[in-house]
Colleague: 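There's a structure below that I have some questions on.
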Protein chains: 2
Amino acid sequence: MSVADEEPRRVQMLEAARQVIAERGFPGARITDVADRAGVSPALVIYYFKSKDNLLAEAMRQSEDLWYAEMSRRAAKIPTAAGRLEEVVAMTCHVSSDVVLEGSLELWLDLWAQALRDPEVRAVREESDEHFRETIRQIVRDGVATGEFSGIDEDDFAVAYTALLDGFAIQVALGDPVVGPERAFDVAMRVASQQLGFAWEPRRAPRRSSGRLPTRATS
Amino acid sequence: MSVADEEPRRVQMLEAARQVIAERGFPGARITDVADRAGVSPALVIYYFKSKDNLLAEAMRQSEDLWYAEMSRRAAKIPTAAGRLEEVVAMTCHVSSDVVLEGSLELWLDLWAQALRDPEVRAVREESDEHFRETIRQIVRDGVATGEFSGIDEDDFAVAYTALLDGFAIQVALGDPVVGPERAFDVAMRVASQQLGFAWEPRRAPRRSSGRLPTRATS
DNA sequence: CGGCATTGACTGAGCGTTCAGTCTAAGGTC
DNA sequence: GACCTTAGACTGAACGCTCAGTCAATGCCG
């Protein structure tokens, strides 16, 4: 809240930029779009951020930060390591349709493509990915400590599992006809339970609709 | 060869386009670049392909086709299913530095990002991904048939394993400081051997250099 | 008044696409 | 064989649009 209060215009524009990138893609995002959405003039956008590239890179960073903040927020509410892992998987596979995470997967595709050439974006991606890995690592460590998970090299698991989730994120983001959110979630959880040695079965019979998971309260 | 003989200019431009996309990214690729590299005028490029979008989409398709052709070519030479799987993993993780596959991983990142909005590119991606899955599926089926692999749901495995390899492809393409080609290859093979129940150990002590694998002849 | 926020109007570069042709080779005609 | 016609390959120049970034001017607040 403090950040938003101190620099309302700034975050407003970053939020607008995030949405525009999600809609039109990183290279297709125009400062006019961002300005329109934020209800200001294009010149003001340049006034705040020096250049378009800078704006978009910062928008990417902010978006990633928000994603992990949301993840931490949710994880904090869940007592078991297996539950926390499941929540991470659910977020990555977009099982629950969630406004906060709207467009985050699509953004990742642009993030990766852009990271190839743009050093600033590359830095964002590297931090973000290491953050992701560390999150998984920590969950595994906790699970091993509490006896939920049986011994496994947490580092190798984190490397492999984040790669797996990234791969599923691609399929889900692109709306692959074979690998939808439910299947990705299912397979990912099965792999995890097998590798980490904990019991897991699907919450319910497979649902057709893309509705939210009623298991967890939404408020 | 027949194709190249019939339409030399066409394939020449497609090849040029592939290189330009690999260098400057899909959105950054200019028809002038392609024309320059092919040694023709920009107008001729439009003369052959109706528009820039069409050109780039076809270049993507051709690139994917080449990749799978190369994969089949290599796989055909390898007698065991485990060996074939290893070769696929090696190609995906860019363990062997190979001219034919130059820039293919980087191209995938652009392919995914572009597939989000461009229907033509999306179609290419879907075909390509299903092709990949089917390749893995078939290798597993063969391995199970010959007794190399122990029983496993080949479909679920294919879905999960292609996702894993896609994820590693991202890391490798972006030159992640933590997950390099060797580590990706190593972890991927360990996962495969464990899941499919075959014996596998690293060919050699871990190498620092990014040199090619001397195990297989390059000719 | 003085500094900050904000804007509309403008510009200049970049780039896809078009067009009016030129050049070359093949084919037909006597 | 000499000449004309046709078609396809190919190009240089120009058109027109998009869009990031600039700038002088205005409003606003303390």
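Naming: A, B, ... by sequence-line order, numbering from 1 per chain.
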Colleague: Salt bridge or not for A:Arg117 and B:Asp110, using N-O below 4.0 Å?
Modeller: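 Judged by the 4.0 Å cut-off on N to carboxylate O distance, A:Arg117 and B:Asp110 do form a salt bridge.
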Colleague: Grab the two heavy atoms, one from B:Asp176 and one from B:Val179, that are nearest each other, plus how far apart they are.
Modeller: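 Heavy atoms only, the tightest pair is OD1-N, 3.1 Å.
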Colleague: Between B:Thr162 (side chain only) and B:Ala158 (backbone N and O only), is there a donor and an acceptor less than 3.5 Å apart?
Modeller: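 At least one qualifying donor-acceptor pair exists.
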Colleague: With A:Asp155, which residues qualify under salt bridge (charged side-chain N to carboxylate O under 4.0 Å, His left out), at least two apart?
Modeller: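 For A:Asp155 the salt bridge (charged side-chain N to carboxylate O under 4.0 Å, His left out) partners, ignoring immediate neighbours, are A:Arg137, B:Arg183.
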Colleague: Check DNA chain D against residues 20-40 of chain A and give the residues with a non-hydrogen atom under 4.0 Å, in numerical order.
Modeller: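 Close to the strand are A:Ala29, A:Arg30, A:Ile31.
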Colleague: Kindly state which residues belonging to residues 44-58 of chain B come within less than 4.0 angstrom of DNA chain C, counting heavy atoms of the residue only, listed by number.
Modeller: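 Heavy-atom contacts with DNA chain C come from B:Ile46, B:Ser51, B:Lys52.
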Colleague: Can you tell whether the side chains of A:Lys77 and A:Glu87 come within less than 4.0 Å, N to carboxylate O?
Modeller: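 Looking at A:Glu87 together with A:Lys77, the answer is no, because their closest N to O distance does not fall below 4.0 Å.
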Colleague: Which donor-acceptor pairs under 3.5 Å do side chains of residues 44-53 of chain B form with protein atoms, sequence neighbours excluded?
Modeller:
{"unit_1": "B:Ser51", "atom_1": "OG", "unit_2": "B:Asn54", "atom_2": "N", "d": "3.2"}
{"unit_1": "B:Lys52", "atom_1": "NZ", "unit_2": "B:Ala29", "atom_2": "O", "d": "3.4"}

Colleague: Does A:Glu15 pair with A:Arg18 as a salt bridge, N-O distance under 4.0 Å?
Modeller: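 Salt bridge between A:Glu15 and A:Arg18, a charged N being under 4.0 Å from a carboxylate O: yes.
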Colleague: Please determine whether a side-chain nitrogen of the Lys or Arg among A:Asp65 and A:Arg61 lies less than 4.0 Å from a carboxylate oxygen of the Asp or Glu.
Modeller: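 No, no charged N to carboxylate O under 4.0 Å.
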Colleague: Could you tell me whether B:Arg190 and A:Asp153 have a side-chain N and a carboxylate O separated by less than 4.0 Å?
Modeller: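 No, no charged N to carboxylate O under 4.0 Å.
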Colleague: What string of B, S and - do you get for nucleotides 23-30 of chain D, 5' to 3', if B is base contact, S is sugar-phosphate-only contact and - is no contact with any protein heavy atom under 4.0 Å?
Modeller: B-------
Colleague: I need the CZ-P distance between B:Arg10 and D:dG8, as an integer number of Å.
Modeller: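 One finds 17 Å between P of D:dG8 and CZ of B:Arg10, rounded.
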Colleague: Extract all donor-acceptor atom pairs below 3.5 Å that involve side chains of residues 100-108 of chain A and protein atoms in other chains or at least two apart in sequence.
Modeller:
{"unit_1": "A:Ser104", "atom_1": "OG", "unit_2": "A:Leu101", "atom_2": "O", "d": "2.7"}
{"unit_1": "A:Trp108", "atom_1": "NE1", "unit_2": "A:Glu64", "atom_2": "OE2", "d": "2.9"}

Colleague: Write down the distance between CD (A:Gln12) and P (C:dA5), rounded to a whole number of angstrom.
Modeller: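 Between P of C:dA5 and CD of A:Gln12: 14 Å.
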